[in-house]
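Being a predicted model, the structure only gives us computed values, none of them experimental. Per chain, numbering begins at 1; letters A, B, ... match sequence-line order.
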Amino acid sequence: MGLIDPLVIAQGLLLPSSVVQSGWFAALAAFVAINTLMYTGLAIAKMLPKVYITDYDPRRRRRAETRSIHPDGPVD
Amino acid sequence: MTSSGNAGIDRDEEERELLRDDVPHRPPSAWNRVVGIFVLGSSVLAAALLAIAVAPEATPPLQSRAREVSVGIWEVFYDTQAPSYRSVLAAVAFALLIAAGVAVLERRIANRYRRSYDRIATPLAPRIVMEATRNEFAGPVTITVLIPAHNEEDCIGATIASLESQEPPPHRIVVVADNCTDGTVGIAREAGVEVFETVGNTHKKAGALNQALEQMLPGQGDNDLLMVMDADTVLDAGFLAEAARRMTADRALMAVGGLFYGEDGKGVLGQFQRNEYTRYARELGRRRGRVFVLTGTASIFRPRALRTVAASRGVLIPGHHGEVYDTVALTEDNELTIALKSLGGLMVSPPGCTVVTEVMPSWRALWNQRLRWQRGALENLGAYGMTPQTFRYWSQQLGIAYGSIAVSTYLILILLMLLALDVWIWFPFWVGIGLVFTMERVLTVWKGGWRARILGATLFPEMGYALFLNVVFIKGVLDITLRRQASWKHVTTVGGRVVVVEED
């Protein structure tokens, strides 16, 4: 099993080291790993600048009439 | 995120009082319990499904061989095990897909209501408002500030002075004195502003504002804006000018909300809250000011919006017909935002309208404040049910619920490893992931200054803070789900006084 064996077989602080070798622990670790990766994706998305595709489409910004409280206000 | 009521030196006391059961808030409905069960249940279900899906692929994390290197005098163990590229990509893609899905759906819903022409269901939709105000000039924009105050002699003078120093200053300032027993009224009169004293109000801030608005609203023209502002709040320079500019440029705009930042001081706890607010402001900026909540700390409304809300209560939206604020809502600003959104109103929180809000001085005060916000938000969702306009708020609640599960399982895993192993093993892949999170924590509070960045860089304290907020969230959900059921309370009004009747 290699170098890790004597360390893993040794007792942990409070729990037997067999805990970390069990199937349910593996499932918990996999669940946490997937979650961590998902939140990593979201963290990266939060760091990157947000791009609005509509900014590059001038037609979308053109208004049909003025929104100003002044009836003769600018249309855009 | 919401602000709280008439803040002051006894804020902690007030927060606690608001959480007592005998204080009137939204009467429990079947929906309220469903909210809790739905939010918690669906998140647990999602987590369980994911756990079942990944379990067969799972291998114990220490199955691979840890290696040993010497770093100076230390022996360091590390394990190069890492997930496959495919699972990394799948997880990241899945998360981004959900986030993008929520964002796209929210935009589609917003656009649909923006273009709505349904006069009955969405009387505040831009097209309807524009049609009603076409070719009519209702005069230039004026701003009347309402300051609800309950024994605020310590800060009311400074608040009035800060308002008068705005360029341009508001046209009118009205202190809404609610059951004041101190010098608030005297100080306000001395400062030369109007004072409106409430009569027999038992509904705190919301009730006081309702009384004042009932008198004032009929006389307001379309462009005579009303601002509601807490007595302990200081507006940043340019707030009123920017709001007036926006309201002048867009007659369909129904409300402008303040973007709040935390005040200085209160140690590390204060910094945690400031970081949270800085991230919130950044997020709103990235949403181009699309509002989550029109904060009760400082928000400006067009009279048409408030009149329509009052007229729609009891018909299209919850509450008493004719009242602007729903007096049973625990967080009245969150409720008013959902009300305006439900009626199709256009709102914005622009970066130029910033306001400094107080931070809680102790963990207990923070607990009480957040529990109130949390309960209030859930109760409001229960009252409105699941509608297109509340979709975003529901998904936020689900997100927080799932996040609570994710953070707690992560901590359980780390704890188990610490307790079961007598040596620390580094996993380079996960250390790299940790660095990504650290970068995110630092970059998102960059504007908050070096203190904010240092706290962000330490990662784990902020995780602890997030965990604290998660516990508050769980408590709020459980309260609304279980305690309501155990002790069924019925709120009724007898002779103008609210009476709480216990039912078995």
Practice task
Look at the side chain of B:Arg251 and the backbone N and O of A:Thr66, then say whether any donor-acceptor pair between them is shorter than 3.5 Å.
Solution key: yes

Handout entry: Short side-chain to backbone donor-acceptor contact, B:Arg282 and A:Lys46, under 3.5 Å
Key = yes

Exercise for the section: Any chance you could measure A:Thr36, atom OG1, to B:Phe429, atom CZ, to the nearest 0.5 Å? Expected result: 9.5 Å

Practice task
Can you tell which part of B:Met247 gets under 4.5 Å to a heavy atom of chain A, answering side chain, backbone, both or neither?
Solution key: backbone

Problem - Closest non-hydrogen atom pair between A:Ala45 and B:Leu96, with its separation - result: CB-CD2, 3.8 Å

Exercise for the section: With a 4.5 Å cut-off on heavy-atom pairs, point out which of B:Thr248, B:Thr444, B:Asp222, B:Val92 contacts chain A the most. Expected result: B:Thr248

Problem - From A:Tyr39 atom OH to B:Glu440 atom CD, the distance as rounded to the nearest 0.5 Å - result: 12.0 Å

Practice task
Side-chain contact test, heavy atoms from C-beta onward, threshold under 4.5 Å: evaluate it for B:Leu416 versus A:Leu28 and give yes or no.
Solution key: yes

Exercise for the section: Please state whether the side chain, the backbone, both or neither of B:Ala249 comes within less than 4.5 Å of a heavy atom of chain A. Expected result: backbone

Exercise for the section: Please check if atom NZ in B:Lys447 has more than 12 non-hydrogen atoms from other residues, nucleotides or ligands closer than 6.0 Å. Expected result: no

Exercise for the section: Name the region of B:Leu97, side chain, backbone, both or neither, that has any atom closer than 4.5 Å to a heavy atom of chain A. Expected result: neither

Problem - Per-residue contact mode, B:Val129 against chain A (heavy atom under 4.5 angstrom) - result: neither

Handout entry: Option in B:Ile412, B:Ile98, B:Val436, B:Val141 with maximal non-hydrogen atom pairs under 4.5 Å from chain A
Key = B:Val436

Fill in the blank from the handout: Ranked by heavy-atom pairs below 4.5 Å to chain B, first place among A:Ala33, A:Gly73, A:Gly41, A:Pro71 goes to A:Pro71

Exercise for the section: State, to 0.1 Å, how close A:Leu42 and B:Ala99 come at their nearest heavy-atom pair, and which atoms those are. Expected result: CD2-CB, 3.7 Å

Exercise for the section: Mind checking the NE2-CG spacing from A:His70 to B:Asn223? Nearest 0.5 Å is all I need. Expected result: 8.0 Å

Handout entry: Distance (rounded to the nearest 0.5 Å) between A:Asn35 CG and B:Leu50 CG
Key = 5.5 Å

Exercise for the section: First locate atom CD1 of B:Ile52, then atom CZ of A:Phe31, and finally report the distance between them rounded to the nearest 0.5 Å. Expected result: 10.5 Å

Completion exercise
Rounded to the nearest 0.5 angstrom, the CG-CH2 distance for A:Leu37 and B:Trp430 is 4.0 Å

Problem - Part of B:Ala47 within contact of chain A (heavy atom distance under 4.5 Å) - result: both

Handout entry: Heavy-atom pair with the smallest gap, counting every atom of A:Met38 and B:Tyr402
Key = CE-OH, 4.0 Å

Practice task
Measure distances from B:Arg302 to the heavy atoms of chain A and classify the residue's part below 4.5 Å as side chain, backbone, both or neither.
Solution key: side chain

Completion exercise
Scored by heavy-atom pairs under 4.5 Å with chain A, the best of B:Arg441, B:Arg288, B:Glu136 is B:Arg288

Handout entry: Part of B:Arg245 within contact of chain A (heavy atom distance under 4.5 Å)
Key = neither

Practice task
For atom CZ of B:Arg134, decide whether the heavy atoms of other residues, nucleotides or ligands shown that lie under 6.0 angstrom number more than 12.
Solution key: yes

Practice task
Test B:Leu253 against A:Arg67 for side chain to side chain contact (heavy atoms under 4.5 Å, CB included), laying out the working first.
Solution key: CA-CA 9 Å; B:Leu253 188 61; A:Arg67 293 278 281 257; over 6 Å; no

Exercise for the section: Please check if atom OH in B:Tyr85 has more than 12 non-hydrogen atoms from other residues, nucleotides or ligands closer than 6.0 Å. Expected result: no

Handout entry: Contact origin within B:Asn135 toward chain A - heavy atom pairs under 4.5 Å
Key = both

